[in-house]
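First the structure, in the form of structure tokens, and then the observations on it.
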There are 2 protein chains.
Amino acid sequence: MAKKSPGSQKREDSLSRERIIDASIALLDEAGESGLTFRALSLKLATGPGAIYWHVANKSELLTAACDAIVARAMNAPLADATPEATLRAIALGMFDAIDAHPWVGSTLAHAPGQLPAVRILERIGQQLRHLGVPREFEWTTVSALLSYILGVGGQNAANAQFAQAEGLNRTDFLASVANTWSELDPAEYPFASSIAKQLPDHDDRADFLTGIDLILKGIGSR
Amino acid sequence: MAKKSPGSQKREDSLSRERIIDASIALLDEAGESGLTFRALSLKLATGPGAIYWHVANKSELLTAACDAIVARAMNAPLADATPEATLRAIALGMFDAIDAHPWVGSTLAHAPGQLPAVRILERIGQQLRHLGVPREFEWTTVSALLSYILGVGGQNAANAQFAQAEGLNRTDFLASVANTWSELDPAEYPFASSIAKQLPDHDDRADFLTGIDLILKGIGSR
DNA sequence: ACATGATTGGAACGCCGTTCCAATATTGTG
DNA sequence: CACAATATTGGAACGGCGTTCCAATCATGT
């Protein structure tokens, strides 16, 4: 019916891997991990589940692709020329902020070991470790420690966000409720946890994350 | 709920939270995370799904309880008297080995932030940090960094195991396939990843994990 | 104008977690 | 000991999920 711009006669509403991934990201951002279903996606794209499967193998691949889009954006951001340490901190913070903005990335990343998104982070960190002069024989353990820490924090942030959402709480109320549980633990059995509970609601995730990175960097420097 | 008293006339095959959790652990160990379903559980316990729900609120609680049983076992193991550093290493290795033996614990732990299983680990680590003389104002960031690292490594090990199982590979073949993918990346774009690929199949997860712990401990010591 | 292959979209399948409820087992009371 | 009250069981049923299948439609080369 409608004739398009000269050359292409493709329908304007045709599906494509890219449109599907964009819609998936939107769905995940709006409703969290459980918000991405093939039915909700079909609805948003005004099509059926079958059509989506022509462009995407399965849900796992779709999640990884959505995750990769976010990670690629974060890892391709230009960085000011600085010392390798400062650059490593910037890379780590970039991932922290990306996961903070899209909590589902944290848990998806944790479920796609060795896949493209994780490799992007590994690559970026590894290059800086070489600039830092880390000996070849320590490269793997070092990059692996940093990556594990970043993924660990990211996974926990994702879990916190999901847990809070499941209970209908915001971050502050959720932390307060956890702190309350901890403070009611038997001080004889849990002296540390019960005493640290009061610090829980006021702490700064981002600052703590960075302190952890610095701890590891300090450890690397003093080898 | 279940009452136990002398002369009790309870049927021998009665359900209990404990029996359900034990059966869940068995199922998870046999078939991985996806092996735990209320139907499989009913079959194993020779009952119906409804009966299980009388003892357990939902699947999430069941998973957390199963996870907690494993973590409690690992964290209550007696430790030789030793320096705080050595004890911290032993605690960390205890969790690593527990997750290695029950990969599903790694991913369950990552999804239950602030819950009992995580608190057990936090408590054990925190006590040693106090023995180590970490100042109060650094306690939270320090324990949090160690916990994040441990959960991060655990989560990745869990994901590796699950991924490998999904593709029907053992750990060695899975690592080899990942290494192969990495080595085929464009060396111009991924110089680090493509060059480190060959070290992937031969590395020792457990030793690398411990090196990461030492890196953090060294960072703590040199504050 | 038509044949061919790419692409669509909706129906259907077999799972899942969860709920519901009638049936049964156990306990407390006269 | 009888019998009401309560605790516990187990299976049917519900809605939603990922995935598969396939007839219908679209785009393209001849």
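These numbers come from the heavy atoms of this one structure, side chains and all, not from hydrogens, waters or symmetry mates. In the text below, chain A, chain B and the rest are named by the order of the sequence lines, each starting its count at 1. Quick caveat: nothing in here was measured; it's all calculated off a predicted structure.
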Is any side-chain N of the basic residue among [X] and [Y] closer than 4.0 Å to the acidic one's carboxylate O?
X	Y	result
B:Asp68	B:Arg120	yes
B:Arg206	B:Asp97	yes
B:Lys44	B:Glu30	yes

Would you mind reading off the distance between [X] atom [atom1] and [N] atom [atom2], rounded to a whole angstrom?
X	N	atom1	atom2	value
B:Arg19	D:dT9	CZ	C1'	13 Å
B:Asn58	C:dT18	CG	P	5 Å
A:Leu41	D:dC17	CG	P	12 Å
A:Phe38	D:dG18	CZ	P	7 Å
B:Lys59	C:dC16	NZ	C1'	8 Å
B:Glu33	C:dC16	CD	P	15 Å
B:Leu15	D:dT9	CG	C1'	8 Å

- line: For B:Ala112 and B:Ala118 the tightest heavy-atom approach is O-CB, 4.3 Å
query: Do any N or O atoms from the side chain of B:Glu33 and from the backbone of B:Trp104 form a donor-acceptor pair under 3.5 angstrom?
result: no
message: For B:Ser14, is there any backbone N or O sitting under 3.5 Å from a side-chain donor or acceptor partner on B:Arg19?
response: yes
query: With nearest nucleotides of DNA chain C determined for A:Ser16 and B:Leu36 from heavy-atom distances, which residue corresponds to the more 5′ nucleotide?
result: A:Ser16
message: Heavy atoms within less than 4.0 Å of DNA chain D: which residues of residues 43-55 of chain A have one? Give them sorted by number.
response: A:Pro49, A:Gly50, A:Tyr53
query: Which ones in residues 21-29 of chain A lie close to DNA chain D, meaning a heavy atom under 4.0 Å from one of its atoms?
result: none
- prompt: Can you find an N or O donor on one side and an acceptor on the other, under 3.5 Å apart, linking the side chain of A:Arg39 with the base of D:dG18?
  reply: yes
query: Does the side chain of B:Gln162 pick up a donor-acceptor pair with the side chain of B:Ser107 at under 3.5 Å?
result: no
query: With sequence neighbours left out, which residue pairs that include part of residues 147-168 of chain A fulfil the salt bridge (charged side-chain N to carboxylate O under 4.0 Å, His left out) condition?
result: none
- prompt: Quick one: OG on A:Ser144 to CG on A:Leu146, what's the gap to the nearest 0.5 Å?
  reply: 9.0 Å
